[in-house]
*Asks:* 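Starting off with a structure, shown below.
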Amino acid sequence: MLVNMTRRTVDRYEPQKIEPKWGKKWERSKSFHARTGKGRKKYILSMFPYPSGRIHMGHVRCYVIGDLIARYHLHRGDNVLHPMGFDAFGLPAENAAIQNKVHPRKWTYDNMRFMEKQLSRLGLAIDWSRKVITCEPSYYKWEQMLFIAMFEKGLAYRKRSLVHWCPRCETVLANEQVEDNKCWRCDSIVQAKDLEQWFFCITAYADELLNGLHELEHGWPERVLTMQKNWIGKSEGAYIDFELEGFQKEKVRVFTTRSDTLFGVTFLTIAPEHPLVTQILRHVSLEKGEAISRFIEKVQKTDLSKRTEDALEKEGIATDLYCLHPFTQKRIPIYLANFVVMSYGTGAVMGVPCHDQRDFEFAKKYGLPMRLVIQPRDQVLTTEELEKAYTEPGTLIRSETFEGLDSGEAKSSIVRSLQEKGMGEPALTYRLRDWGISRQRYWGTPIPMIHCEKCGIVSVPLKDLPVTLPKNPPLTGRGGSPLAQVPSFMNTKCPKCKRPARRDTDTMDTFMESSWYFLRYCSPKFGKGMFDPKAVEYWAPVDQYVGGIEHAILHLLYSRFLTRVLRDLKMVKFSEPFSRLLTQGMVIKDGEKMSKSKGNVVDPDYLINKYGADTVRVFSLFAAPPEKDLDWSDQGVEGANRFLDRLWRFVLNIYILAGKAKKVSDQEIKDDPKAQAIFRLTHKTVQSVTESVDRFHFNTGISAIMEFVNKVSAEYPDFWSFAEFPQKAKEMSNAHLWTLKNAAEIAVRLISPYAPHLSEELWRKCGNSKLLVRFSWPVFDSDWTIDERVTIVVQVNGKVRGKIEAARGTEEAQVILLAQENENVRRFVNGKPMKKTILVPDKLINLVVG
Ligand code: ANZ
Ligand code: ZN
């Protein structure tokens with residue numbers, strides 16, 4: 001026992017001294033290496049960082065949350081896998097190379113070394129022996145293998161397509177990397193470019209990715225599920241064909257979700273990019289043709305995203321061309337319109353001004369006729385009175401044989417009838433597009449394909465993998481793929497015909513690496529494939545994933561997609577990679593997201609130097625529930641630090657006072673009111689901290705510990721006066737002393753996942769020789785958490801009229817209410833006003849009425 005009874009003061013809490021020491025001890029004892037013995041497996045994963053240079057508070061928050069969950073499961077005796085690595089390929093490394101003339105590899109590895117050091121200062125319970133670094137050939141080799149497998153299954157294919165091209169980064173961007181028509185990295189306006197690219201057929205899984213969301217309803221945030229659902233964007237509708245007048249049975253096909261409004265069509269709108277436009281230009285007058293070309297030019301200057309916004313000013317131009325209504329054969333004018341886009345549906349829309357707001361605005365502007373065909377059930381609308389489109393379902397009117405039908409029924413019977421005429425068919429459309437993965441960049445995984453003039457596209461034989469990156473390509477930031485500038489890389493032989501051939505010189509989208517890294521962690525050194533199937537069978541899927549909401553769509557969708565591909569390749573047996581997901585909120589300072597560009601960052605290293613990692617951890621867990629934004633406050637950090645200091649003294653003082661107390665029986669505690677009160681409070685605290693952590697209410701977990709420390713110390717006004725300790729100890733019962741000592745021990749164990757260094761030090765100081773990190777989590781006994789019930793006699797004007805049950809210590813007001821609920825008592829009170837009440841706590845209440 002290190003505690004010295006005669007000492008007058010306890011050691012000061014000096015995190016800077018104790019934290020590095022315990023970090024080393026945990027590492028040396030391999031405390032966090034994943035074990036697989038008896039017990040439940042728990043795979044806890046935080047999204048791995050991009051090695052940008054330094055850890056920021058957003059990382060800290062994410063990793064501390066993941067770490068608390070991992071440590072909690074370690075205490076519960078689970079087999080925990082809690083790994084970490086680096087998402088090490090990507091554009092910034094290449095940009096740094098261009099700007100500072102350092103090799104991307106050096107830049108990346110320097111950053112990783114630095115960040116790993118920063119991370120380890122936080123005291124994270126990470127199994128670093130499983131570190132995965134995605135830019136290593138031993139990692140991307142397997143990614144290349146997966147690419148080839150997907151190619152062979154037809155899931156990776158090439159197509160020429162208009163791609164988003166960032167003129168500044170000089171690379172193709174995925175749809176998802178374009179926001180507001182701007183590059184996600186550098187904010188340049190994106191241009192369109194026609195290139196041949198590799199695509200992954202994610203649309204083949206669209207329906208499955210959508211339906212799979214149901215499986216995640218209990219484990220994922222509602223918000224993320226909605227975002228994924230909208231991204232996939234399934235629309236059930238119909239294709240309807242309109243015959244073109246004077247074009248020999250040629251047709252324009254529209255996509256609609258409202259075939260029930262077919263009789264309300266008064267015009268057709270097509271996208272300015274629609275293929276029909278070339279034909280139109282051939283048929284119209286020179287003047288008209290010029291006007292149309294001017295209009296097209298103007299529309300193409302508008303951001304694609306702006307064109308689909310409700311607020312867009314609707315504009316169009318008549319083409320002087322007509323088509324025919326499939327049922328009524330009426331002539332319908334065709335317009336080009338700025339709000340119709342080519343990338344959705346068919347790029348042509350039937351205009352129904354009474355029932356679609358865009359069409360309503362368009363028709364008003366160009367004086368087009370309106371035809372009301374859907375009547376709401378509870379009111380009568382007329383075209384003249386309509387102030388905006390009526391977009392709800394209703395009953396069909398003015399619709400020939402479909403009149404009187406309900407919108408829902410009408411949709412299917414109209415489509416059926418169109419289908420019989422050969423003028424339409426049911427249609428499913430998705431917003432989701434195939435994943436374009438080719439990048440004209442150096443610092444990424446080379447695409448393992450060879451272009452041969454004779455044999456076409458041939459995959460690199462598996463025995464020749466990995467196709468490694470050449471060491472020193474010219475990196476200028478200009479032109480196409482840097483790999484195309486390295487003849488020794490590009491020129492190769494065709495594996496089939498052995499004639500000279502050319503390697504694919506693009507690299508893969510870096511989202512590819514992060515789509516399967518969680519599987520690699522299960523067997524990071526496995527040399528025969530992407531992962532050892534047995535290890536994956538044991539650990540995967542991830543039980544708890546923690547990361548930022550900014551990855552709600554892309555990263556999570558791609559991972560869900562590739563997991564399904566692996567399932568269909570018979571490599572894994574599940575479809576959903578992440579059973580539960582926690583998206584932590586942002587770190588906010590002065591009302592804005594903490595970020596370099598806002599100039600409001602707080603450096604984690606500075607905080608750790610000043611207060612210690614445990615304070616940083618406790619602050620980030622206490623200041624807000626994990627999924628809410630965390631408002632940074634210096635006082636909050638100070639507060640967390642004061643609390644830990646207080647807890648430190650609390651525990652050590654109690655050990656000086658009561659360190660020698662002998663364990664007592666439950667009965668002895670029950671017989672001693674002071675001991676009983678402490679013991680009850682202790683059990684209740686264990687219960688509420690456990691329940692809080694189970695529900696991820698980490699902040700209420702800490703407040704329960706704070707309250708506990710406050711309440712127990714409040715019992716002793718002179719608690720901090722050491723001189724009195726020996727005397728005090730003599731005056732107190734052994735049961736009382738033991739429950740105090742127990743309370744201190746429980747406090748240490750409960751705070752462990754929050755402030756692991758401090759608790760490990762206290763645990764040692766209190767005489768334990770084994771490490772606390774894998775020591776069991778305290779259990780509570782419901783005998784001690786349920787409040788004791790007492791029977792209270794109720795008198796009315798001094799005569800016993802009933803008995804009630806209440807928790808011990810129930811307040812007078814509450815006792816009166818309970819008493820008045822008793823039927824017999826109510827009969828004697830009989831509505832008379834209460835003059836006064838007399839309470840003997842826990843025993844009797846006398847209601848004086850009259
Ligand atoms: C006629 C109609 C009548 C429509 C009505 C709506 C209401 P969601 O639900 O998002 O799939 N649309 C189709 N293709 C389009 C394109 N390329 N650009 C712009 N708009 C397009 O939307 C489907 C609806 O969006 C379709 O149904 C079509 O307008 C329009 F009372 O057709 B609707
Ligand atoms: Zn060949």
Side-chain angles (χ1 to χ4, degrees), residues 162 206-207 210 226 229-242 252-277 299-300 302-316 323 325-327 332 334-363 368-376 381 383 386 388-399 402 406-408 410-411 414-415 418 424-433:
L162 275 185
D207 226 18
L210 184 67
T226 308
K229 187 169 165 234
N230 292 342
W231 190 262
I232 298 167
K234 177 174 175 171
S235 270
E236 279 174 90
Y239 292 129
I240 302 179
D241 296 325
F242 289 77
V252 197
R253 170 163 273 210
V254 303
F255 170 71
T256 178
T257 47
R258 291 294 304 272
S259 48
D260 55 320
T261 65
L262 182 56
F263 290 84
V265 175
T266 56
F267 56 92
L268 232 72
T269 43
I270 63 174
E273 301 86 353
H274 197 285
L276 190 59
V277 173
V299 176
Q300 277 170 346
T302 324
D303 285 6
L304 209 58
S305 60
K306 289 260 159 52
R307 280 172 59 188
T308 53
E309 275 174 12
D310 290 345
L312 176 89
E313 168 78 30
K314 312 294 177 291
E315 281 183 289
C323 60
H325 190 282
F327 282 103
I332 297 167
I334 301 178
Y335 280 73
L336 301 192
N338 61 348
F339 60 90
V340 181
V341 294
M342 200 54 222
S343 54
Y344 190 72
T346 61
V349 179
M350 60 185 212
V352 187
C354 286
H355 304 293
D356 181 276
Q357 187 56 29
R358 292 166 298 185
D359 297 344
F360 184 88
E361 290 166 31
F362 195 79
L368 296 164
M370 319 255 287
R371 213 179 127 80
L372 189 84
V373 292
I374 306 287
Q375 206 44 270
L381 293 177
T383 314
L386 219 55
K388 57 177 181 21
Y390 174 72
T391 58
E392 300 297 305
T395 310
L396 268 69
I397 55 166
R398 307 161 80 191
S399 299
F402 304 98
D406 184 77
S407 287
K411 278 184 192 173
I414 287 178
V415 174
L418 283 165
E425 57 186 311
L428 269 185
T429 55
Y430 296 88
R431 220 188 131 237
L432 186 68
R433 295 273 160 271

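This chain uses plain numbering: 1 for the first residue, then up along the sequence. Counting starts at 1 for both ligands and their atoms, in listed order.
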*Asks:* According to the interplanar angle, ranging from 0 to 90°, do the rings of Phe263 and Phe402 count as parallel (below 30°), tilted (30 to 60°) or perpendicular (above 60°)?
*Replies:* tilted
*Asks:* Closer than 4.0 Å to some heavy atom of Tyr344 - which atoms of ligand 1 meet that?
*Replies:* 8 (P), 10 (O), 11 (O), 14 (N), 15 (C), 16 (C), 17 (N)
*Asks:* Using a strict 4.0 Å cut-off to heavy atoms of Val340, name the atoms of ligand 1 that fall inside it.
*Replies:* 16 (C), 17 (N), 18 (N), 19 (C)
*Asks:* My understanding is that we take every heavy atom of each candidate and find the minimum distance to atom 18 (N) of ligand 1. Doing that for Val373, Thr261, Val341, which one comes out nearest?
*Replies:* Val341
*Asks:* Would you check if Leu418 and Pro326 make a side-chain contact, meaning some heavy-atom pair closer than 4.5 Å?
*Replies:* yes
*Asks:* Main chain of Ile374, side chain of His355: is a donor-acceptor contact present, judged purely on distance under 3.5 Å?
*Replies:* yes
*Asks:* Compare Phe255, Phe339, Phe360 and give the one whose heavy atom is closest to atom 19 (C) of ligand 1.
*Replies:* Phe339
*Asks:* Pair Asp310, Gln357 - check side chain to side chain contact (heavy atoms under 4.5 Å, CB included), show working.
*Replies:* CA-CA 9 Å; Asp310 290 345; Gln357 187 56 29; over 6 Å; no
*Asks:* Looking only at non-hydrogen atoms, which of Glu273, Met350, His355, Met342 approaches atom 31 (F) of ligand 1 most closely?
*Replies:* His355
*Asks:* Do Met370 and Thr266 make a side-chain contact, defined as non-hydrogen atoms from C-beta onward lying under 4.5 Å apart?
*Replies:* no
*Asks:* So if I count the atoms of ligand 1 from 1 in the order they appear, which ones are less than 4.0 Å from some heavy atom of Val352?
*Replies:* 3 (C)
*Asks:* Does Arg253 reach the side chain of Glu425, with side-chain heavy atoms less than 4.5 Å apart?
*Replies:* yes
*Asks:* Give me the nearest non-hydrogen protein atom to atom 6 (C) of ligand 1 as residue plus atom name, then the distance to 0.1 Å.
*Replies:* Asp356 OD2, 3.3 Å
*Asks:* Backbone, side chain, both or neither: what part of Val349 comes under 4.0 angstrom of ligand 1, heavy atoms only?
*Replies:* side chain
*Asks:* Ignoring angles and geometry beyond distance, decide whether Thr256 reaches within less than 3.5 Å of ligand 1 through its nitrogen or oxygen atoms.
*Replies:* yes
*Asks:* Can you check whether Asp359 reaches Phe339 side chain to side chain, under 4.5 Å on heavy atoms?
*Replies:* yes
*Asks:* Quick one: which ligand 1 atoms are inside 4.0 Å of a heavy atom on Arg358?
*Replies:* 19 (C), 20 (N), 25 (O), 29 (O), 30 (C)
*Asks:* Can you check whether Phe327 reaches Ser399 side chain to side chain, under 4.5 Å on heavy atoms?
*Replies:* no
*Asks:* Please report which non-hydrogen protein atom sits nearest to atom 9 (O) of ligand 1, along with the residue it belongs to and the distance in Å to one decimal place.
*Replies:* Ser235 OG, 3.5 Å
*Asks:* What protein heavy atom sits nearest atom 23 (C) of ligand 1, and how far off is it?
*Replies:* Thr257 OG1, 3.6 Å
